[in-house]
Every structure is written in C-alpha cells, then in structure tokens.
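Since the structure comes first, as structure tokens, the remarks are kept for the end.
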Amino acid sequence: MRTLFTNARLIDPEAGTDAPGWLLVEGERIAATGTGEAPPADTVIDCDGNCLAPGIVDIGVKVCEPGERHKESFGSAGAAAAAGGVTTIVTRPDTTPAIDTPEVLEFVTRRARDASPVRIKPMAALTKGREGREMVEIGFLLDAGAVAFTDGDRVVENTKVLSRAMTYARSLGALVIAHPQDPGLSDGACGTSGKFASLRGLPAVSPMAERMALDRDLALVEMTGVKYHADQITTARALPALDRAKQNGRDVTAGVSIHHLTLNELDVGDYRTFFKVKPPLRTETDRVALVEAVASGLIDVISSMHTPQDEESKRLPYEAAASGAVGLETLLPAALRLYHAGAIDLPRLWRALSLNPSRRLGLATGRLAPGAPADLVWFDADAPFVLDRFALRSKSKNTPFDGARMQGRVLGTWVAGARVFGKG
C-alpha cells in the first residue's frame with residue numbers, strides 16, 4: 001500500500017528544513033520525499049499547503065492504569081494523543097501500584113497494545129514502590145520493555161541508594177530520568193517565592209530548590225557515568241549547571257513542560273487550580289529564559305507532562321488542590337505559540353517535540369528520512385480556535401487552556417502508515 005502526501009509543507013527536524021514537497025509512504029515506513037513530479041501511489045492526500053511533520057514523542061505522560069482508570073485509561077489517552085498529533089506516548093510509572101516489577105510492566109504493555117491507537121513506551125520505577133529505599137530489578141525490567149527508569153516527582157533522597165541505582169543502570173546502558181527538586185525545600189509548596197506568592201499567601205519554594213537538586217544529580221552523573229535526563233527544568237537558575245555538564249561531556253539531556261514554556265505565575269490569578277502544576281509556574285523572566293534555552297538547544301525536549309486529575313481533586317482551595325494538567329491534545333497548539341511569537345522556527349520546535357526525545361530513547365521515530373517509521377502529523381499551523389475543555393478526549397478535563405484562543409489544528413495523524421485520526 002503506497003500513500004502519497006502532495007502539496008505539503010514538510011517540517012524536517014533532522015535536516016532543519018521547512019520547505020514544500022511531497023512524501024511517499026510504503027507500508028509502515030517512509031519510502032521517499034522530494035519536490036517536483038511525484039511518484040504514483042494507491043492513495044493520494046493533498047495537504048493543501050499545510051504542514052506535515054514527524055509525529056510528536058511525548059515523554060512523561062501519566063496514564064492512570066492500573067489504579068485510577070476513572071482519571072485516564074489507555075483508550076482515552078491514546079485517542080487524545082492521536083487528536084493532538086502525538087504518535088508515541090512515553091508513560092510514567094507513578095500508578096497504583098507503581099510499575100516496579102516485570103509483571104506489572106507486562107500488564108501495562110498488554111493493555112496499551114489492546115486499547116491505544118498510538119505507540120506506548122513505558123518507563124519503570126527506579127526504586128521499589130517509588131519509595132527511594134531499594135532499587136528495582138533494572139535488568140529484568142529492561143528485558144520486559146522499559147525504556148527508562150524514574151521515580152517521577154518522588155525524589156530519591158538517599159544519595160547512596162541513588163548512586164547505586166545509577167551505577168547499576170550505567171552497567172546496563174539504561175536511562176535514568178530524575179525530577180530535579182529539593183524535596184525538603186519544595187515540600188508543601190504550590191507557588192514560586194516572590195511578590196506574587198506573598199500577596200496571594202501561597203506556600204512557596206525558591207527556584208534554588210531546583211538548582212540544588214540538579215547540582216546533586218549532576219555530581220552523581222559525573223561519579224557514575226550514567227545516562228541522565230532531567231524531566232523538567234523550569235528556572236533560569238538551573239541553566240548554567242546544565243550547560244556546564246554538557247560542556248564537560250556528560251551524557252545529560254533535559255526537558256521542560258509546555259506549561260512552563262507558555263504560562264507564568266501570574267496566570268494563577270485568583271487561585272485558579274487548573275494552573276496548579278508541579279513544579280509551580282515560574283516568573284516571566286524564567287519563562288523567557290526557558291524559551292531561549294529550547295531555541296539554542298540547551299534544553300532538548302518539550303513534553304506535555306500530561307497529568308489527569310478529576311474534578312473533585314481540583315475543585316478545592318488552591319493549596320489543597322491536586323497538582324497537574326492534561327496536555328496531550330493541547331501540546332501542539334500551545335507549542336505553536338512559540339512559533340507564532342517568533343521565538344523558534346518549526347524545525348527547531350520539532351527537534352524538541354519529536355527528534356530529540358526519539359534519539360534519547362533510542363527510537364527510530366522523529367524523522368522524515370526514507371526508511372523511518374511513517375509516524376506523521378498533518379496540521380494547519382495557523383488555524384484559530386477557542387479551546388473547550390469538555391471537547392477534549394481525555395477523561396479528565398483539567399487544562400489551564402480552557403477558553404484560551406489558540407492556533408494550530410491537527411488535520412490527520414498516522415502511526416506506522418495507518419491513519420489514527422482525521423477523516424479517511
């Protein structure tokens with residue numbers, strides 16, 4: 001089966017190009033791209049001058065199976081991802097129970113395969129029960145399909161336990177993903193230290209809590225030689241340490257959530273709990289620094305940090321409300337805010353959304369080169385709309401973009417050459 005995409009604006013993050021052309025898919029893979037006369041095909045899709053790019057690879061998505069299926073299932077998360085142009089979901093292990101044994105991982109893998117229209121790549125916990133006391137069987141979990149190891153937002157406080165886990169992960173070539181936030185300083189905080197948090201009476205944490213935790217992790221990386229990824233860098237204070245680690249040749253990458261790139265602490269307004277995320281939203285100065293870090297390549301990955309929460313856990317006083325926001329469907333239009341603001345071009349943006357996360361996890365996705373998997377998103381970068389959270393396909397509707405004016409609508413999504421979203 002040959003499918004030809006014509007009249008497309010091809011966004012190629014690997015080549016760094018944004019140019020008109022055609023793309024041919026044969027079976028599950030990309031067969032060719034080019035300009036001028038296109039080859040024959042069984043199906044021809046006229047992209048009408050709109051963008052065709054590699055599907056988004058989203059690291060750090062919470063799918064609440066097992067344990068909290070009422071918040072999100074693999075079926076609903078997969079549908080939301082397909083509608084948002086996300087073709088690969090990399091799931092977090094912070095479920096109930098945690099994904100810390102091959103048996104739980106295999107259950108999750110089967111559920112994902114049966115229910116989700118997009119690719120699911122599971123991460124496993126770094127310590128048993130995510131309790132920070134005893135490392136998991138990293139080798140067995142790698143064999144069962146884990147692509148990385150993380151305790152999520154539960155920081156491993158015991159440095160000896162963390163160093164041993166990193167040493168063992170290094171011997172097996174496993175990737176460790178950490179949440180750089182000092183647990184003592186950040187405990188109970190829901191705002192960033194400063195005038196706004198003081199005026200609102202919010203328990204706040206200094207940006208130095210992130211810098212301190214990152215410094216510790218990077219020292220352990222230097223000691224163990226492990227492959228390391230910081231899931232969310234959210235403050236300008238942490239950027240020099242990250243830059244030094246990269247300059248010194250450490251195997252280190254970093255990510256940032258789309259909410260920290262497009263929102264700031266003032267968006268919380270009068271205690272709007274849909275804007276309560278972890279770490280808390282930062283100052284506008286921090287936000288601008290993060291955007292510049294993504295544009296320069298210092299920060300490698302943009303993710304949604306999709307965290308479903310039900311209405312009952314959000315409809316509470318700000319300090320008591322649960323943290324987190326859904327983002328699978330809003331990641332693409334929110335990221336396009338950076339493009340429309342002139343802060344970053346589309347090939348660089350797609351490096352952070354697709355190519356870099358693919359490379360970090362050793363996946364073949366994120367490219368438009370012949371032979372690459374035909375995981376594609378076709379989107380109109382300029383289409384305006386007002387977001388209605390109740391139209392989201394996620395079971396939970398906790399998005400900070402409810403009622404926001406946005407640009408960028410997904411027209412079609414393909415996984416392994418098969419269309420999983422959009423009209424046939």
Side-chain angles (χ1 to χ4, degrees), residues 60 62 92-94 98 125-127 129-133 150-159 161-162 176-221 228-242 254-261 263-268 271-287 289-290 299 303 305-307 309 313-314 316-325 398 400:
K62 180 169 183 178
R92 306 201 310 250
D94 51 345
L126 185 63
T127 64
R130 298 171 58 236
E131 294 176 352
R133 294 198 293 263
T150 178
D151 278 354
D153 59 6
R154 286 192 188 174
V155 178
V156 180
E157 297 185 52
N158 189 312
T159 308
V161 170
L162 182 56
V176 171
I177 297 181
H179 182 72
Q181 199 71 203
D182 183 271
L185 288 175
S186 58
D187 184 37
C190 57
T192 298
S193 296
K195 183 178 179 180
F196 180 79
S198 297
L199 289 173
R200 290 293 186 271
L202 297 176
V205 60
S206 167
M208 288 302 293
E210 182 173 298
R211 161 76 180 278
M212 291 164 61
L214 183 63
D215 280 339
R216 182 200 71 157
D217 286 358
L218 293 178
L220 290 173
V221 169
Y228 174 89
H229 178 78
D231 65 352
Q232 294 188 76
I233 297 297
T234 64
T235 73
R237 294 282 183 89
L239 295 175
L242 176 64
V256 61
S257 87
I258 190 59
H259 302 114
H260 290 93
L261 283 177
L263 304 170
N264 65 35
E265 61 182 354
L266 301 181
D267 288 304
V268 170
Y271 310 102
R272 300 166 68 190
T273 59
F274 281 5
F275 289 83
K276 184 180 180 183
V277 294
K278 187 185 289 186
L281 293 175
R282 306 302 192 179
T283 65
E284 177 63 9
T285 301
D286 283 322
R287 189 195 71 80
L290 295 173
I299 291 180
S303 62
M305 293 308 293
H306 178 85
T307 305
Q309 301 288 3
S313 62
K314 279 290 188 182
L316 293 170
Y318 194 88
E319 188 175 345
S323 298
N398 53 306

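Donor-acceptor pairing under 3.5 Å is recorded for the side chains of Asp231 and His179.
The closest donor-acceptor contact from the side chain of Lys276 to the backbone of Glu319 lies under 3.5 Å. Panel note: side chain Asp187, backbone Gly184; no donor-acceptor pair is recorded below 3.5 Å. No donor-acceptor pair closer than 3.5 Å links the side chain of Lys278 to the backbone N or O of Ala322. At least one donor-acceptor pair closer than 3.5 Å links the side chain of Asp151 to the backbone N or O of Thr127. A donor-acceptor contact shorter than 3.5 Å is absent between the side chain of Thr307 and the backbone of Gly324. A donor-acceptor contact shorter than 3.5 Å is absent between the side chain of Ser313 and the backbone of Gln309. Put simply, the side chain of Lys314 gets close to the backbone of Thr273: a donor and an acceptor are under 3.5 Å apart.
Residues Ala230 and Leu214 come closest through the heavy atom pair CB-CD1, 4.4 Å. In terms of heavy-atom proximity, Ser186 sits nearest to Val205 at CA-CG2, 3.7 Å. Across Pro400 and Ala325, no two heavy atoms sit closer than the pair CD-CB, 3.6 Å.
Put simply, CD1 on Ile258 and CG on Leu263 are 8.5 Å apart, with the number rounded to the nearest 0.5 Å. With values rounded to the nearest 0.5 angstrom, Asp182 atom CG is found 4.5 Å from Met212 atom CE. To the nearest 0.5 angstrom, Ile299 atom CD1 is 10.5 Å from Gln232 atom CD. The CG atom of Leu242 lies 11.0 Å from the CG atom of Asp215; values are rounded to the nearest 0.5 Å. Atom-to-atom distance recorded for Thr234:OG1 and Leu261:CG is 10.5 Å, nearest 0.5 angstrom.
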Legend entry - Verdict with supporting geometry, Met305 and Arg92, side-chain contact (heavy atoms from CB on, under 4.5 Å): CA-CA 9 Å; Met305 293 308 293; Arg92 306 201 310 250; 3.9 Å; yes

Inset, instruction - Under the side-chain contact (heavy atoms from CB on, under 4.5 Å) rule, what do Val176 and Thr150 come out as? Steps first, then yes or no, please. - result: CA-CA 6 Å; Val176 171; Thr150 178; over 6 Å; no

Inset, instruction - List the steps, then state whether salt bridge (charged side-chain N to carboxylate O under 4.0 Å, His left out) holds for Arg200 with Glu265. - result: CA-CA 11 Å; Arg200 290 293 186 271; Glu265 61 182 354; over 6 Å; no

Inset, instruction - Please report the C-alpha distance between Arg130 and Asp153 in whole Å, then the side-chain angles of each, then the deciding distance to 0.1 Å, and finally whether the salt bridge (charged side-chain N to carboxylate O under 4.0 Å, His left out) criterion is met. - result: CA-CA 9 Å; Arg130 298 171 58 236; Asp153 59 6; 3.3 Å; yes

Inset, instruction - List the steps, then state whether side-chain contact (heavy atoms from CB on, under 4.5 Å) holds for Tyr271 with Leu202. - result: CA-CA 9 Å; Tyr271 310 102; Leu202 297 176; 3.8 Å; yes

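One finds no salt bridge joining Glu157 and Arg133 here, because no Lys/Arg side-chain nitrogen approaches an Asp/Glu carboxylate oxygen to under 4.0 Å.
In this view, His260 satisfies the ring-ring contact (aromatic ring centres under 6.0 Å, His included) rule with no residue, not counting sequence neighbours. Every residue two or more places apart in sequence or in another chain that forms a salt bridge (charged side-chain N to carboxylate O under 4.0 Å, His left out) with Glu284 is listed here: Arg287.
Between Arg211 and Arg216 the shortest side-chain heavy-atom distance does not fall below 4.5 Å. Counting heavy atoms from C-beta on, the side chains of Ser193 and Ser206 come closer than 4.5 Å. With contacts defined as side-chain heavy-atom distances shorter than 4.5 Å, the pair Tyr228/Leu220 does not qualify.
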